[in-house]
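Chain letters run A, B, ... following the sequence lines, proteins first and then strands; every chain starts at 1.
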Protein chains: 2
Amino acid sequence: MKWSELNDNWCPVARTLSVVGDRWTLLILRDCFLGKTKFEEFAASGGMTRHILADRLKRLVEVGILERRAYSVSPKRYDYVLTAKGEELRPALTIMKEWGKKHLPIRRAALEG
Amino acid sequence: MKWSELNDNWCPVARTLSVVGDRWTLLILRDCFLGKTKFEEFAASGGMTRHILADRLKRLVEVGILERRAYSVSPKRYDYVLTAKGEELRPALTIMKEWGKKHLPIRRAALEG
DNA sequence: CCCTCGCGTTTCTTTCTGGAACTTTCGTTT
DNA sequence: AAACGAAAGTTCCAGAAAGAAACGCGAGGG
């Protein structure tokens, strides 16, 4: 099965993953939950390259997790805000955060005192 | 940043995703939560190709989410069972299941009567 | 002795990703 | 007014990863 065929899978988990199961998409959502909205903020977050970011944002908008909203007209500028649908994914990220804190401590020394 | 550098990221979500944020890994975990343990069961689940499956299982064992356990000696056979650490990811999958059921209904007709 | 099962591994081709520069549309500076 | 800079993408190319499908291999069975 191809990844792209997953959206019609019988399993709701698979369908969800067809939308957010991508390498970087959940990291974009994390940034959204941290309050970021602008392309340059996501880009500066140190994650993916710009064209991957653009692609993922487009897909998140298509599926209704984010909304692309003009926040300036004269220089046309858009930002991305979570919809209610997107907000409902926050608990999943929270679980991953707790799991990571518990099971994957940072190996480098003393970054967190 | 490369995906492989994510495991030392400051963010616990990013570290978790460096382990399970892969396209197919969460689908393998779903199968585990449904009680599957054997290579052929995962393979028959209709997801990834065999060499991707082999690779992901290896990584899940390395990181301690699954345990590779001999269930037969004379023909050497191994299966994969969740560890306690792996079990703790189940709530995240449950959330994704509920989210998928709510927001991504199957488009094909009448599969679920 | 050849077949099959379970569990992968190899090979080859196609698609995706990483990195970095480039574009476009304005607003600001000199 | 010409140059500069910021925001939000796009484009190009080399290299990495994924998909398809055949192959390997050790044990048991007919």
Answer yes or no: does a side-chain N or O of [X] lie under 4.0 Å from OP1 or OP2 of [N]?
X     : N      : answer
A:R68 : D:dG9  : yes
B:Y80 : C:dG6  : no
A:W24 : C:dG18 : yes
A:S74 : C:dG27 : yes
A:Y78 : C:dT25 : no

[X] has an atom [atom1]; how far is it from atom [atom2] of [N], in whole Å?
X     : N      : atom1 : atom2 : answer
A:M48 : C:dG19 : CE    : P     : 12 Å
B:H51 : D:dA18 : NE2   : P     : 8 Å
A:L53 : C:dG18 : CG    : C1'   : 14 Å
A:I52 : D:dC12 : CD1   : P     : 16 Å
A:R56 : D:dG9  : CZ    : P     : 15 Å
A:R69 : D:dA8  : CZ    : P     : 12 Å
B:L57 : C:dC7  : CG    : P     : 11 Å
A:E41 : D:dA6  : CD    : C1'   : 14 Å

Original post:
Using 4.0 Å as the upper bound for N to carboxylate O, is an ion pair formed by B:D79 and B:K38?
Top reply: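 Salt bridge absent between B:K38 and B:D79.
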Using a heavy-atom cut-off of 4.0 Å across all strands, would you classify [X] as base, sugar-phosphate, or nothing?
X     : answer
B:F42 : nothing
A:K38 : sugar-phosphate
A:D55 : nothing

Considering only [options], which nucleotide approaches the side chain of [X] most closely?
X     : options               : answer
A:R50 : C:dA21, C:dT17, C:dT9 : C:dA21
B:E40 : C:dT17, D:dG9, C:dC7  : C:dC7
A:P75 : D:dA7, C:dG27, D:dA20 : C:dG27

**OP:** Quick one: do B:R15 and A:I106 satisfy side chain to side chain contact (heavy atoms under 4.5 Å, CB included)? Show the steps, please.
**Re:** CA-CA 9 Å; B:R15 296 201 301 281; A:I106 300 184; 3.4 Å; yes
Original post:
Does the side chain of A:W99 reach to within under 4.5 Å of the side chain of B:K85, using non-hydrogen atoms?
Top reply: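 Side chain of A:W99 against side chain of B:K85, heavy atoms only: contact under 4.5 Å found.
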Original post:
With a 4.5 Å heavy-atom cut-off, do B:R23 and A:D22 have their side chains touching?
Top reply: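 Sidechains of A:D22 and B:R23: in contact.
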**OP:** Select from A:R23 and A:F39 the residue whose nearest nucleotide in DNA chain D is closer to the 5' end of that strand.
**Re:**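 Between the two, 5'-proximity favours A:F39.
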**OP:** Report whether A:V19 and B:L29 are members of the same hydrophobic cluster (ILVMFWY, side-chain heavy atoms less than 4.5 Å apart, transitive linking).
**Re:**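 Cluster IDs for A:V19 and B:L29 match.
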